Student: 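I am attaching a structure below and will ask some questions about it afterwards.
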Amino acid sequence: MSADLKKSSSNGFEKSLISEEQQGKISEVRRLIGPLPEKLAIFCNDACIARYLRARNWNVRKATKMLKASLKWRAVYKPEEIRWEEVAHEAETGKIYRTNYIDKHGRVVLVLRPGCQNSKSTKGQIRHLVYCMENAILNLPADQEQMVWLIDYSGYNLSNISVKVTQETAHILQDQYPERLGLAILYNPPRFFEPFWKVVKPFLEPKTRDKVKFVYSDDPITKKTMEDLFDMDLLESAFGGNNNSGFNIAKYTERMKEDDKKMVSFWTRGNSQPAAPEPTLECPPAMDSINLNSDSDSSDNEKADSSPGNEVDSEVVSTDHNVLVTDYNDNGTKEAH
């Protein structure tokens, strides 16, 4: 049976069964989306549809529109085809990387260091960000579909601040990776970051703001957040842990090359992960035959669940990246209309 993720005060989300009504909405979205080419069909499993529905308060019409936009983006940008060799130069400083440990709730951990930005290429930064997201998702345990971000502000200065870039980063995370962020920890942000945060906050949904936690190494109360979430012997010393190994680009390169092999296997249906079932397509149509631009076939009378705590959930983190939104050119960047 399909599974949903139930909100928990301790671990963000834990596994629970999807209700009959919710399963019906998943089936309705699948009907409205229609048949898909192989890779998009693998992406668009029941768990994926449930994430888009949760992001839109289980409103079928809105979730379908959102999912169609993501399918269009994936068909053009092909995020699953990005390989380490293409983004390795962006990763040299360790500005974004997946750790070799998970948190106490089984969530993959991404470290982000916006102060380590080493590139002025918008296209390169975008490709690297998307690669890291796809890699983190590939390595999620079977019973988890969210990740934790540790954002280290060491070396961060005024030149790293960009309201526009941060706002656009929110777009790619909320539109292309909804319900993937479980928690974002901002570790030791400098004082000058506070007014910037006040400017950024209005761009975020209330539930997203609740996922952002400020942690300071000299504050015993917020420091306990790290101890509750992580094995301190595995957590890097930069975040108050006992692990002094740090980021090693040579070792990380080997890990990513191995993950690239797993990525190929996954997207060619060679994976053995117990993911949600994939739809069987006898004759996958071409992308241009799929109506991904229209949401008129979904009922306008579909209403969102109005129960408390069931708000739209968007993901964001403050880091120095441009992003992709609804309409895209060959580089995956937004077209002006």
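None of the values given here were measured: they were computed from a predicted structure.
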Student: Assess whether a salt bridge exists between Asp103 and Arg107, defined as any Lys/Arg side-chain N lying under 4.0 Å from an Asp/Glu carboxylate O.
Tutor: yes
Student: Have a look at Tyr97 and tell me which of Val111, Asn135, Leu110 forms a side chain to side chain contact (heavy atoms under 4.5 Å, CB included) with it.
Tutor: Val111
Student: What is the distance from atom CE of Met256 to atom OH of Tyr131, rounded to the nearest 0.5 Å?
Tutor: 5.5 Å
Student: Can Arg98 be said to sit on top of Tyr252's aromatic six-ring, NZ or CZ under 6.0 Å from centre and within 45° of the ring axis?
Tutor: no
Student: To the nearest 0.5 Å, tell me how far Phe266 CZ sits from Ile42 CD1.
Tutor: 6.5 Å
Student: Listed by chain and number, what are the ring-ring contact (aromatic ring centres under 6.0 Å, His included) partners of Tyr187, not counting sequence neighbours?
Tutor: Phe239
Student: Within the supplied structure, the quantity of interest is the number of heavy atoms (other residues, nucleotides, ligands) at a distance under 6.0 Å from Lys251 NZ; does it exceed 12?
Tutor: no
Student: Do Tyr156 and Gln117 have side-chain atoms, one donor and one acceptor, less than 3.5 Å apart?
Tutor: no
Student: Donor-acceptor pair, distance only, cut-off 3.5 Å: does the side chain of Gln144 make one with the backbone of His105?
Tutor: yes
Student: May I ask you to decide if Gln23's main-chain N or O and Ser27's side chain share a donor-acceptor pair within less than 3.5 Å?
Tutor: yes
Student: Once rounded to the nearest 0.5 Å, what's the spacing between atom CG of Asp46 and atom CD1 of Ile18?
Tutor: 7.0 Å
Student: Roughly how far apart are Thr222 OG1 and Tyr216 OH, rounded to 0.5 Å?
Tutor: 8.0 Å
